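A short write-up of the structure that comes next.
No experiment lies behind these values; they were computed from the predicted model shown. As the structure lists them, so they are numbered: ligands from 1, and atoms in each ligand from 1.
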Amino acid sequence: MSKLRIGIIGSGGTGTRHAERFSEMEAAEVVAIASRNTETGNALAEKHGAEFIPDWQALVERDNLDGVLICTHNDTHAEIALAALRCDKHIFMEYPLARSIDAGEAVVEIAESNQRVLRINHSETVSNSHRAVKQRAQELGDLLLTTFLRLTPGRGARPEILFNLPVSGPPAHFFIYHIYPIIDIFGGARSVEGSAVYEGLTDQGNYNRFVNTVNVKFKNGGIGSWVWAGGVEIQESEQHSRYILTGGTISDSDGKWHCSTGAEVEEIPPVDAPNISLQERWVQEIQTQETSAAHRDAVTALEAIRVSLSAEQSMQEKRRIVLE
Ligand SMILES: NC(=O)c1ccc[n+]([C@@H]2O[C@H](COP(=O)([O-])OP(=O)(O)OC[C@H]3O[C@@H](n4cnc5c(N)ncnc54)[C@H](OP(=O)(O)O)[C@@H]3O)[C@@H](O)[C@H]2O)c1
């Protein structure tokens with residue numbers, strides 16, 4: 001089988017990691033890199049023996065590419081995905097799917113109608129641990145409450161651009177990978193309320209300390225609470241999730257999941273299945289022209305951004321947003 005020819009857009013942290021990963025794969029080759037950053041773009045292209053193309057629009061139009069990886073900032077994901085899908089490319093993109101719900105819907109729709117494999121880099125999709133938690137939750141009756149709490153002492157080494165409201169969206173949006181698994185297990189939201197406090201917010205949209213909360217009512221019943229306080233006075237980061245159902249409570253601790261009932265606490269081990277990376281799955285799906293699983297996961301990613309972007313709208317309009 002001939003190798004899948006890949007073009008990567010963006011030459012920062014994730015672009016570099018994906019370039020390494022795909023270059024190591026037997027079934028794929030990195031053919032072209034596009035970035036507005038000519039220095040890092042050229043260097044990355046040279047490292048992988050790929051062509052450097054300064055303009056991403058020119059890359060997506062290339063006939064010598066099968067798939068495009070989108071590793072740019074959040075405000076460009078959907079625009080690039082739409083352009084590449086219109087040129088019949090398969091897409092592997094960084095989360096979040098889009099910076100607006102309309103744009104996210106358009107991307108998912110065109111991928112389905114053009115029968116392209118659209119994968120958004122949500123690792124739960126291939127996580128045997130997540131599969132086990134999902135199965136267990138389905139056995140435990142009705143959802144009462146999901147809670148997520150994250151406290152971080154500083155912004156650490158994370159790129160500044162994440163903490164820029166217009167480009168990246170609020171924390172709940174650029175950290176959508178903490179919302180995606182909840183939506184995957186319990187389904188989408190019926191209503192969303194968000195609030196946020198940003199300290200040191202500049203005219204450009206950068207900020208320092210922040211608190212962001214999102215509260216949802218799920219379509220299938222139960223409520224959810226998501227909280228991240230960043231840059232707060234605390235020695236070490238902490239984070240935990242709880243899924244409270246009528247038949248038991250699922251919780252995470254030190255990277256392991258447990259189920260607690262009145263009678264006992266037991267670990268939820270990962271499902272016993274082969275490990276495959278999402279990148280490998282994407283390549284296989286393109287080779288076998290299997291688009292349905294990717295489409296289903298893209299719909300989940302869309303439901304997840306409906307929550308984060310409705311929360312953003314709720315903060316702006318200071319009201320609860322009721323979804324269709
Ligand atoms: N899956 C994960 O584990 C993970 C981890 C971190 C981030 N992410 C996501 O990955 C994406 C990229 O993050 P990152 O950390 O790689 O950011 P980054 O290091 O700043 O890299 C982004 C790259 O895209 C380029 N770029 C930005 N806008 C562009 C445009 N309009 N046209 C062409 N090139 C453009 C940037 O150029 P400049 O150098 O000129 O800015 C840079 O080369 C973000 O959406 C982020 O949320 C995912």
Considering only heavy atoms of [X], which atoms of ligand 1 have at least one such atom less than 4.0 Å away?
X	answer
Asn74	44 (C), 45 (O), 46 (C), 47 (O)
Asn37	37 (O), 38 (P), 39 (O), 40 (O)
Asn121	1 (N)
Ser11	23 (C), 42 (C), 43 (O)
Gly13	16 (O), 19 (O)
Trp56	32 (N)

Side chain, backbone, both or neither: the part of [X] lying under 4.0 Å from ligand 1 by heavy atom:
X	value
Glu94	side chain
Thr72	both
Thr76	side chain

Glu290 side chain to Ser292 side chain, donor-acceptor N/O pair below 3.5 angstrom:
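Their side chains do contain a donor-acceptor pair, which is all the 3.5 Å distance test asks for.
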Between Thr249 and Ser260, a side-chain donor and acceptor under 3.5 Å
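No, Ser260 and Thr249 have no side-chain donor paired with an acceptor closer than 3.5 Å.
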Does His77 reach ligand 1 with a nitrogen or oxygen that is under 3.5 Å from one of the ligand's nitrogen or oxygen atoms?
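Looking only at distances, the answer is yes, because the N/O contact criterion of under 3.5 Å is met.
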Report yes if Phe174 has an N/O atom closer than 3.5 Å to an N/O atom of ligand 1; otherwise report no.
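For ligand 1, there is no N or O atom that lies under 3.5 Å from one belonging to Phe174.
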Look at the rings of [X] and [Y] and say which category their plane angle falls in: under 30° parallel, 30 to 60° tilted, over 60° perpendicular.
X	Y	value
Trp228	Trp226	perpendicular
Phe163	Tyr207	perpendicular
His122	Tyr95	parallel
Phe186	Phe218	tilted

So is Leu162 close enough to ligand 1, meaning a heavy atom under 4.0 angstrom away?
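A heavy atom of Leu162 does come that close to ligand 1.
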Heavy atom of Tyr177 under 4.0 Å from ligand 1?
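Not so, Tyr177 does not reach ligand 1.
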For Gly200, does its backbone N or O pair with a side-chain atom of Arg209 as donor and acceptor, under 3.5 Å?
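Looks like no, no N/O pair under 3.5 Å.
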Listed partners of Ile223 passing side-chain contact (heavy atoms from CB on, under 4.5 Å), at least two apart
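Ile223 satisfies side-chain contact (heavy atoms from CB on, under 4.5 Å) with Leu145, Lys217 only.
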Got His178 and Gln239 here, is their nearest side-chain heavy-atom distance under 4.5 Å?
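Yes, their side chains come closer than 4.5 Å.
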Heavy atoms only: which of Cys71, Gly169, Gly15 is nearest to atom 23 (C) of ligand 1?
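Selected option, by shortest heavy-atom distance: Cys71.
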Could you pull out, from His122, Arg99, Arg36, Gln57, the option with a heavy atom nearest to atom 33 (C) of ligand 1?
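It is Arg36 that holds the nearest heavy atom.
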Kindly determine whether Leu140 and Gln138 satisfy side chain to side chain contact (heavy atoms under 4.5 Å, CB included), including the steps that lead there.
CA-CA 6 Å; Leu140 286 174; Gln138 283 161 357; over 6 Å; no
